[in-house]
Protein chains: 2
Amino acid sequence: MSNAAIERRTTADDVYDRLLADILALRLFPGDKLSEVVIARQLGVSRQPVREAFIRLDNDGLLRVRPQRATEVRRISLSALRDARFLRLAVELEVLHIACSTDTSAFHARFDSNLKQQKKAMDSGRPDRYHQLDYKLHHLLCKSADREFAYETVKSSKSQVDRLCLLSLSDTREMIETYDDHCQLVACIKENRCEDALSILRAHLSRLDAVLETIQLEHAEYFDPN
Amino acid sequence: MSNAAIERRTTADDVYDRLLADILALRLFPGDKLSEVVIARQLGVSRQPVREAFIRLDNDGLLRVRPQRATEVRRISLSALRDARFLRLAVELEVLHIACSTDTSAFHARFDSNLKQQKKAMDSGRPDRYHQLDYKLHHLLCKSADREFAYETVKSSKSQVDRLCLLSLSDTREMIETYDDHCQLVACIKENRCEDALSILRAHLSRLDAVLETIQLEHAEYFDPN
DNA sequence: TGCTCTCAACTAGTATGGTAGAGGCTGATT
DNA sequence: AATCAGCCTCTACCATACTAGTTGAGAGCA
């Protein structure tokens with residue numbers, strides 16, 4: 001019975017998780033100024049663990065820490081978003097390439113089950129549940145190509161965009177369109193129609209452009225004017 | 001005269017750079033144990049900046065910091081290498097896809113110049129210079145596709161592998177083969193032969209497999225037995 | 001009114017002391 | 001000889017004092 005994988009958690013870990021969640025859930029807004037001292041007081045810890053959490057969040061590109069200046073939640077950079085989107089596209093294209101070139105039949109039942117649940121979530125108007133299944137499907141795609149780690153790239157790119165989407169209302173029409181994409185993607189994989197799968201994915205991801213543009217116009221204050 | 005881009009450098013930054021260079025140049029070996037106190041003494045600073053550098057290197061996956069345990073240089077994980085390679089392949093495939101679908105003529109002279117220098121470095125037996133130009137060519141490819149940031153992914157994946165290559169002798173035959181690939185890649189881009197470019201890139205990157213396998217057998221002690 | 005200078009308040013960076021956990025060594029016990 | 005307990009040392013973690021650079025508000029002057 002090996003417990004080797006269990007790592008002790010530190011105060012700094014807790015602070016990091018807390019701040020990360022706050023940023024992604026937009027309880028902390030892009031542009032907000034943070035202070036080691038203030039956060040430390042709020043969480044009842046010393047400056048040190050807060051400082052370490054700041055360093056890690058700076059590494060993640062979520063905070064901007066500069067000597068002797070107030071630390072702030074990074075504003076959303078359109079070029080960074082574009083870069084993350086490119087990365088996700090590149091990764092998912094290659095994942096699909098592999099999935100369409102190999103035998104993925106072991107996953108077909110799970111694809112179908114996921115799609116069925118997506119439809120249910122859509123019909124009963126539960127966008128939260130739908131988004132969760134959306135993530136899960138892309139995760140399944142990575143797994144079926146034996147590239148599960150690639151899902152990390154997809155997830156981090158997607159969560160950046162999703163943070164923005166919290167700013168706008170969830171769009172039912174959007175859900176229907178993406179559901180349709182999902183069904184087509186799965187069909188292509190089952191039938192090893194590689195080229196079709198790739199072009200559907202390109203269209204799928206490019207749908208986000210319109211959404212982003214709208215949000216940027218509505219909430220210019222959260223964006224980094226490059 | 002704007003100096004806005006100039007960020008003050010801290011002691012912690014210096015320590016980070018120093019340790020990073022030492023790890024990548026194999027002056028610090030995978031498995032080596034480090035200590036905040038020892039490094040601090042060596043560099044003539046306090047423990048604090050060293051600690052912060054450790055945190056950042058841990059984030060980069062180069063160190064392994066655990067509470068109350070000696071910090072160590074992470075051993076090389078074959079699965080992590082495989083993942084990095086996949087990422088690089090995916091990114092460069094899409095970069096090439098763009099490069100072949102757009103007008104890159106503004107870069108053709110720079111491609112040619114780079115290749116000419118590569119040949120010179122190869123003929124005069126200067127593998128260091130050759131590697132430098134190799135990086136530069138891949139950087140140029142990203143720029144020509146207007147995806148310069150993608151070079152970061154390529155570079156970090158490549159530098160992981162290159163660290164390993166320091167363990168083995170540089171192979172002249174290897175240089176000749178990759179030079180040939182480079183020439184073909186550039187030719188395809190110039191003539192917008194997308195499919196050809198992609199398959200050449202796949203072959204180009206898969207050359208690394210054999211090298212990796214050899215090194216792993218010769219230096220098992222640096223590898224993480226997954 | 002509007003500009004500039006000064007200064008106080010606030011920022012993160014650095015140094016250092018104390019703490020608790022991990023691991024190795026020694027010696028006793030079986 | 002093997003094993004186990006207890007101790008001793010070493011580790012990183014956390015708290016806190018101090019330092020140095022940034023910022024912004026307000027006084028004073030034009």
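Order of the sequence lines fixes the chain letters, A, B, ..., with proteins taken first and strands second; residue numbering starts at 1 for each chain. Everything quoted here is computed from the prediction, not taken from an experiment.
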Checklist entry - Counting only side-chain N and O atoms of A:Thr10, is one of them less than 4.0 Å from OP1 or OP2 of D:dC13? => result no
Checklist entry - What nucleic acid atoms does B:Ile55 come within less than 4.0 Å of, heavy atoms only: base, sugar-phosphate, or nothing? => result nothing
Checklist entry - Within less than 4.0 Å of OP1 or OP2 of D:dC10, is there a side-chain N or O belonging to B:Ser35? => result no
Checklist entry - Would B:Tyr135 and B:Ser159 count as having a side-chain donor-acceptor pair, cut-off 3.5 Å? => result no
Item to check | Over-ring placement of A:Lys143 relative to A:Phe107, 6.0 Å and 45° cut-offs | outcome: no
Checklist entry - How long is the line joining CZ of A:Arg41 and P of D:dT16, in whole Å? => result 13 Å
Item to check | Protein-nucleotide distance (B:Tyr16, atom OH; C:dG13, atom C1'), rounded to Å | outcome: 18 Å
Item to check | Six-ring centre of B:Phe223, B:Arg75 cation under 6.0 angstrom, axis tolerance 45° | outcome: no
Next on the checklist: For A:Gln48 and A:Gln68, find the nucleotide of DNA chain C closest to each by heavy atoms; which residue's nucleotide sits nearer the 5' end?
Outcome noted: A:Gln68
Checklist entry - Where the side chain of A:Glu36 is concerned, which of C:dA22, C:dT14, C:dG13 is the nearest nucleotide? => result C:dG13
Next on the checklist: Could you tell me if B:Glu148 and B:His139 have a donor-acceptor pair between their side chains, going purely by distance under 3.5 Å?
Outcome noted: yes
Checklist entry - Ignoring hydrogens and angles, are the base of D:dG21 and the side chain of A:Arg66 linked by a donor-acceptor pair under 3.5 Å? => result no
Item to check | Nucleotide C:dG23, atom P - distance to CD of B:Glu72 in whole Å | outcome: 11 Å
Item to check | Interatomic distance where CZ belongs to A:Arg9 and C1' belongs to C:dA20 [whole Å] | outcome: 18 Å
Item to check | A:Arg51, nearest nucleotide to its side chain (from D:dC13, C:dA12, D:dC14) | outcome: C:dA12
Checklist outcome for this item: Between A:Pro49 and A:Lys33, whichever has its closest DNA chain D nucleotide further toward 5' is A:Pro49
Next on the checklist: Rounded to whole Å, how long is the line connecting atom CG of A:Asp14 with atom P of D:dC13?
Outcome noted: 13 Å
Checklist entry - Which nucleotide, C:dT11, D:dA17, C:dG18, lies nearest any side-chain atom of B:Arg47? => result C:dG18
Checklist outcome for this item: Ranking D:dC14, D:dA15, C:dT11 by distance to the side chain of A:Glu52, first place goes to D:dC14
Checklist entry - Does B:Ser46 place a side-chain N or O at less than 4.0 Å from the phosphate oxygens OP1/OP2 of C:dT14? => result no
Checklist entry - Quick one: the side chain of A:Arg69 and the base of C:dG13, do they pair up donor-acceptor inside 3.5 Å? => result no
Checklist outcome for this item: Regarding the side chain of A:Arg8, the nearest nucleotide among C:dG21, C:dG13, D:dT11 is C:dG21
Checklist entry - Going by the angle between their ring planes, with limits at 30° and 60°, are A:Phe86 and B:Phe149 parallel, tilted or perpendicular? => result perpendicular
